[in-house]
Peer 1: 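Starting off with a structure, shown below.
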Amino acid sequence: MEHARPPSELNINGIGGPLAERIIPLKGVCVIPWSYKNITYNLKFAIADMVCASILEYKSCEMLGLVKRIYSIDMSNYDDVFKGLGCLPGKYRIVVDQTVAPVICASRKIPHSLRDRLKVKLEKIINCASEVFHGKLKQFLEDLDGVENYIDDIIVWGETKEIHDKRLKALLERARQINLRFNKDKCRLFVEEVKYVGHVFSVKGMRADNEKIKAITEMQAPKDGKDLERFLGAVNFLSKFIPNYSKIAIPLTNLLKKDNSWRWEYSDRNAFKNLKKAVTSSSVLALYDPSQPVVKSVDASHEALGAVLSQKRSLLLLIVFELNNCKMNSLTSYTVINNMKEIFARFQIPSIVITDNGTQYSSRV
């Protein structure tokens with residue numbers, strides 16, 4: 001590379017390609033000493049705001065001290081919430097059976113026959129602890145706008161950077177008040193896309209996490225009911241993104257019924273393949289806009305009932321339920337439509353119902 005006019009630009013004399021003989025505006029220039037075979041070279045590096053193959057990625061530039069992220073919030077003022085162990089205020093009351101005498105048992109090996117039962121019991125205790133923590137933390141954060149938590153995962157969002165920063169500052173102040181501590185290495189600050197509760201949220205909406213999609217597509221064909229339950233459990237988590245999910249999965253869900261013996265026939269293999277394909281082509285769900293009416297498209301058949309929520313042709317949510325035999329006679333499109341209208345009217349959400357079951361069922365709420 002060589003200097004060109006004006007001084008703030010570089011003329012790249014390439015052998016070929018889209019960057020050949022182009023004038024590129026620079027954000028900055030630096031000289032870094034590099035050693036190779038005991039010889040030190042002073043190499044000039046340029047920072048440009050354009051899409052191209054980078055010589056040094058962001059992390060390398062940060063480690064070399066070439067780039068420093070500047071936050072609108074001075075995070076150094078909140079170093080204390082990223083250090084040490086926290087302890088939420090209050091006490092958790094554990095009721096002890098007074099009729100049972102306390103006993104101190106020495107460490108001992110667990111018999112093989114009791115290991116599975118003990119594991120289930122311990123996991124139940126641990127799960128209970130996480131639920132208590134989740135409830136307590138939610139209680140401390142529930143009055144903060146744009147702040148949500150699930151167990152120990154906390155997300156802060158805002159329609160604009162100013163709103164986001166204001167909400168983040170409120171969370172950091174609250175964390176200081178309640179003695180809550182964060183792991184700085186696991187925090188992602190000021191990003192436009194974030195993974196949260198198994199989904200990816202961005203300015204475009206909510207979509208399925210690619211890691212979960214990959215895990216499903218790499219699953220082998222089930223060999224028994226337990227394998228099938230694991231597969232359907234993983235896919236069901238992403239069912240909100242899959243049109244006609246219940247209809248596609250019917251052959252597989254029928255396999256899990258008590259009266260059916262295990263088999264793996266063409267229809268089952270085809271449903272397994274189609275679900276994998278549907279997961280990889282899943283939709284992006286739009287973010288809800290309170291100022292716009294919600295369009296509810298609903299329908300039902302002998303096998304399933306469902307509803308689609310949308311705004312301005314943007315998909316908000318897919319709701320699909322499979323009907324078992326005891327519900328087929330009692331649930332109809334009419335009941336589905338009326339229930340949906342009731343729910344939205346209760347929360348005073350402006351909405352439009354669209355159905356092919358007749359104009360008497362369509363309405364504006």
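Nothing fancy with the numbering, it's 1 onward along the sequence.
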Peer 1: Identify the two heavy atoms, one from Pro222 and one from Trp262, that lie closest to each other, and give their separation to 0.1 Å.
Peer 2: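 So the minimum-distance heavy-atom pair works out to O-CZ2, 3.6 Å.
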Peer 1: Using ring pair (Phe, Tyr, Trp, His ring centres under 6.0 Å) as the criterion, list what pairs up with Phe272, not counting sequence neighbours.
Peer 2: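 Counting only residues at least two positions away or on another chain, Phe272 forms a ring pair (Phe, Tyr, Trp, His ring centres under 6.0 Å) with Phe231, Trp264.
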Peer 1: Indicate, with yes or no, if Leu43 and Ile39 share a hydrophobic cluster defined by side-chain heavy-atom contacts under 4.5 Å among Ile, Leu, Val, Met, Phe, Trp and Tyr.
Peer 2: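 Both belong to a single hydrophobic cluster.
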Peer 1: Examine Val96 and Val100 and state if one hydrophobic cluster contains both, with Ile, Leu, Val, Met, Phe, Trp and Tyr joined whenever side-chain heavy atoms are less than 4.5 Å apart.
Peer 2: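 Different clusters.
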Peer 1: If you look at every heavy atom in Ala208 and Val200, which pair is closest and at what distance?
Peer 2: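 Looking at all heavy atoms of both residues, the shortest contact is O-CG2, 4.2 Å.
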Peer 1: My understanding is that only residues two or more places apart in sequence, or in another chain, count here; which of them pass salt bridge (charged side-chain N to carboxylate O under 4.0 Å, His left out) with Asp209?
Peer 2: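 Expected list: Lys195.
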Peer 1: I'd like to check the side-chain hydrogen bond (donor to acceptor under 3.5 Å, both in side chains) partners of Arg176; sequence neighbours left out, ordered by chain and number.
Peer 2: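 side-chain hydrogen bond (donor to acceptor under 3.5 Å, both in side chains) check on Arg176 returns Asp80.
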Peer 1: With sequence neighbours excluded, what pairs up with Glu229 under the side-chain hydrogen bond (donor to acceptor under 3.5 Å, both in side chains) test?
Peer 2: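 For Glu229, no residue satisfies side-chain hydrogen bond (donor to acceptor under 3.5 Å, both in side chains) once neighbours in sequence are set aside.
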Peer 1: Could you tell me which residues satisfy side-chain hydrogen bond (donor to acceptor under 3.5 Å, both in side chains) with Asn210, sequence neighbours excluded, listed by chain and number?
Peer 2: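 Asn210 satisfies side-chain hydrogen bond (donor to acceptor under 3.5 Å, both in side chains) with no other residue.
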Peer 1: Decide, yes or no, whether a salt bridge links Arg207 with Glu193 under the criterion of side-chain N to carboxylate O below 4.0 Å.
Peer 2: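 Counted as a salt bridge, because a side-chain N and a carboxylate O are separated by less than 4.0 Å.
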Peer 1: Tell me every residue that passes ring pair (Phe, Tyr, Trp, His ring centres under 6.0 Å) with His164, counting only those two or more places apart in sequence or in another chain.
Peer 2: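 His164: ring pair (Phe, Tyr, Trp, His ring centres under 6.0 Å) contacts with Phe190.
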Peer 1: For residues Leu168 and Phe140: do they belong to one hydrophobic cluster (side chain heavy atoms under 4.5 Å, members Ile, Leu, Val, Met, Phe, Trp, Tyr)?
Peer 2: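 Yes, Leu168 connects to Phe140 through the hydrophobic network.
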Peer 1: Hey, is Asp165 close enough to Lys169 for a salt bridge, meaning N to O under 4.0 Å?
Peer 2: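 Answer for the salt bridge query: no.
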Peer 1: Do Ile155 and Asn149 have side chains that get closer than 4.5 Å, going by heavy atoms?
Peer 2: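 No - every pair of side-chain heavy atoms lies 4.5 Å or more apart.
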Peer 1: Tell me the closest heavy-atom pair linking Ser35 and Thr40, and the distance in Å.
Peer 2: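 Result for this residue pair: OG-OG1, 3.3 Å.
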Peer 1: Measure across Ile248 and Pro243 and return the closest heavy-atom pair with its distance rounded to 0.1 Å.
Peer 2: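 Looks like CD1-O, 3.9 Å.
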Peer 1: Only counting residues at least two apart or in another chain, list the ones meeting ring pair (Phe, Tyr, Trp, His ring centres under 6.0 Å) with Tyr150.
Peer 2: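 Listed in chain order: His134.
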Peer 1: Applying side chain to side chain contact (heavy atoms under 4.5 Å, CB included), name anything that partners Asn179, two or more places apart in sequence or on another chain.
Peer 2: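 If we apply the side chain to side chain contact (heavy atoms under 4.5 Å, CB included) test to Asn179, skipping adjacent residues, the hits are Cys87, Arg181.
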Peer 1: Could you walk me through whether Val197 and Asp153 pass the side-chain contact (heavy atoms from CB on, under 4.5 Å) check?
Peer 2: CA-CA 8 Å; Val197 200; Asp153 287 334; 5.7 Å; no
Peer 1: For Glu159, which residues count as a side chain to side chain contact (heavy atoms under 4.5 Å, CB included) partner, sequence neighbours excluded?
Peer 2: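 Listed in chain order: Trp157, Ile163, Arg167.
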Peer 1: Between Asn274 and Lys277, is there a side-chain donor-acceptor contact under 3.5 Å, judged purely by atom types and distance?
Peer 2: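 No, because no side-chain N or O of Lys277 sits under 3.5 Å from a partner of the opposite role on Asn274.
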Peer 1: As a quick check of understanding, evaluate side-chain contact (heavy atoms from CB on, under 4.5 Å) for Leu172 and Val156, giving each step before the final call.
Peer 2: CA-CA 11 Å; Leu172 294 172; Val156 182; over 6 Å; no
Peer 1: What residue pairs, at least two apart or across chains, pass salt bridge (Lys or Arg N to Asp or Glu O under 4.0 Å) with a residue in residues 267-276?
Peer 2: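 Of all non-adjacent pairs touching residues 267-276, those that pass salt bridge (Lys or Arg N to Asp or Glu O under 4.0 Å) are Arg263-Asp268.
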Peer 1: Please name all residues satisfying side-chain hydrogen bond (donor to acceptor under 3.5 Å, both in side chains) with Ser281, sequence neighbours left out, ordered by chain then number.
Peer 2: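 Per chain and number, Ser281 pairs via side-chain hydrogen bond (donor to acceptor under 3.5 Å, both in side chains) with no residue.
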Peer 1: Does any part of the side chain of Leu275, heavy atoms only, come nearer than 4.5 Å to the side chain of Leu252, both counted from C-beta?
Peer 2: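 Side-chain contact under 4.5 Å: yes.
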Peer 1: Can you establish whether the number of heavy atoms outside Glu192 located under 6.0 Å from its atom CD is more than 12?
Peer 2: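 Check fails, neighbour count at 12 or below.
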Peer 1: Are Lys119 and Asp116 close enough, and set up right, to give a salt bridge (Lys or Arg N to Asp or Glu O under 4.0 Å), and what steps lead you there?
Peer 2: CA-CA 5 Å; Lys119 182 181 178 183; Asp116 290 341; over 6 Å; no
Peer 1: Do any pairs count as a salt bridge (Lys or Arg N to Asp or Glu O under 4.0 Å) and have a residue in residues 135-152, sequence neighbours left out, and if so which ones?
Peer 2: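 Passing the test, one end in residues 135-152: Asp143-Arg174.
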Peer 1: Kindly confirm or rule out a cation-pi arrangement of Lys240 over Phe237, judged by NZ or CZ under 6.0 Å from the six-membered ring centre and within 45° of its axis?
Peer 2: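 Satisfied, under 6.0 Å and within 45°.
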